[in-house]
Amino acid sequence: MQLPAVGTVPAQGLTLREFKQELDTRYNELIEGVEVTPVLTVRAPRYAYVLGEVKLPGRYTLEAPTTVMQAVALAGSWNFGANLHQVIIFRRADDWRLIATMLDLRQAFLGRKSCPAAEIWVSDSDLIILPKSHIQLTDNWIELLFTKGVYAMFPVTGNVSFTNLSYLSGSSGT
């Protein structure tokens, strides 16, 4: 923020109280007794990203305090086959290190537990991933190997008739 007498004062990442303290300190160095009261009129939009096994993956605006379960609800809820035992949240720490947190929200999503201990608040730019379940991963692997792999390389053509099944089983009908 550009201000008279003190020049540029960075405000990003500071609370209003912290920003006020910084302004008061800078102005007190120049003019004793001057107090500044910053007023927030417009807040920059905050977003969360929900990906994986949800109905509508994408970026969602956080208009109020939002939990992980609420963010999943914004994304249209979870798909059948989602691994609800290992919901992953990626976020940046204050020093910009990437932190991953794994939550088990299965009991809550299935209505068996009303307030899961693992539920956390979503922060700006969090990436929430609902991965595929183990059986979903296995199914995808089988489809990739056989449908797009072996059968794509060696297509099988022909017809199978079940009308003469009794002949194949060894009964001659006499």
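Looking at Asn83 and Gln86, their side chains do bring a donor and an acceptor atom within 3.5 Å of each other.
With values rounded to the nearest 0.5 angstrom, Glu18 atom CD is found 12.0 Å from Leu23 atom CG. With rounding to the nearest 0.5 Å, the separation of CD in Gln21 from CG in Asp24 is 8.0 Å. Atom CG of Leu51 is separated from atom CD1 of Ile88 by 11.5 Å, given to the nearest 0.5 angstrom. Rounding to the nearest 0.5 angstrom, the gap separating the CG atom in Asp139 from the CD atom in Glu143 is 6.5 Å.
A side chain to side chain donor-acceptor pair (under 3.5 Å) check over residues 61-73, counting only residues at least two apart or in different chains, returns the pairs Thr67-Gln70, Thr67-Glu119.
Environment of CD in Glu32: sparse, with no more than 12 heavy atoms of neighbouring residues, nucleotides or ligands closer than 6.0 Å. Heavy atoms from other residues, nucleotides or ligands lying under 6.0 Å from CG of Asp94 number 12 at most.
When the side-chain contact (heavy atoms from CB on, under 4.5 Å) test is applied to Ala5, the partners found at least two apart in sequence or on another chain are Tyr27, Leu30. Listed by chain and number, the residues in a side-chain contact (heavy atoms from CB on, under 4.5 Å) with Ile31 are Val34 (sequence neighbours excluded).
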Return all side-chain donor-acceptor pairs below 3.5 angstrom for residues 98-110, not counting sequence neighbours, or 'none' if the list is empty.
residue : atom : partner : partner atom : Å
Asp104  : OD1  : His85   : ND1          : 3.2
Asp104  : OD1  : Arg106  : N            : 3.3
Asp104  : OD2  : His85   : ND1          : 3.3

Check: residues 120-128 side-chain donor-acceptor pairs under 3.5 Å, at least two apart:
residue : atom : partner : partner atom : Å
Asp124  : OD1  : Tyr47   : N            : 2.9
Asp126  : OD1  : Arg91   : NE           : 3.1
Asp126  : OD2  : Arg91   : NE           : 3.2
Asp126  : OD2  : Arg91   : NH2          : 2.5
Asp126  : OD2  : Ser123  : N            : 2.9

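Judged by distance alone, the side chain of Ser77 and the main-chain N or O of Ala73 form no donor-acceptor pair under 3.5 Å. Without hydrogens or angle criteria, Lys55 side chain to Ala75 main chain gives no donor-acceptor distance under 3.5 Å.
Taking Ile, Leu, Val, Met, Phe, Trp and Tyr as hydrophobic and joining them when side-chain heavy atoms fall under 4.5 Å apart, one finds Leu137 isolated, its cluster having no other members.
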How far apart are the C-alpha atoms of Ile142 and Leu144, what are their side-chain angles, what is the distance that settles it, and do they pass the side chain to side chain contact (heavy atoms under 4.5 Å, CB included) test? CA-CA 5 Å; Ile142 290 169; Leu144 182 65; over 6 Å; no
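Criterion: ILVMFWY side-chain heavy atoms under 4.5 Å apart, direct or through other members. Under it, Leu56 and Leu62 are part of a common hydrophobic cluster. Taken together through direct or relayed side-chain contacts under 4.5 Å among Ile, Leu, Val, Met, Phe, Trp and Tyr, Val68 and Ile129 form parts of separate hydrophobic clusters. A chain of hydrophobic side-chain contacts below 4.5 Å, direct or via other Ile, Leu, Val, Met, Phe, Trp or Tyr residues, connects Val36 to Phe19.
The heavy-atom pair separating Leu14 from Pro10 by the smallest distance is CD1-O, 3.5 Å.
The shortest distance between side-chain heavy atoms of Val50 and Leu74 does not fall below 4.5 Å. In this structure the side chain of Glu53 never reaches within 4.5 angstrom of the side chain of Trp78, judged on heavy atoms.
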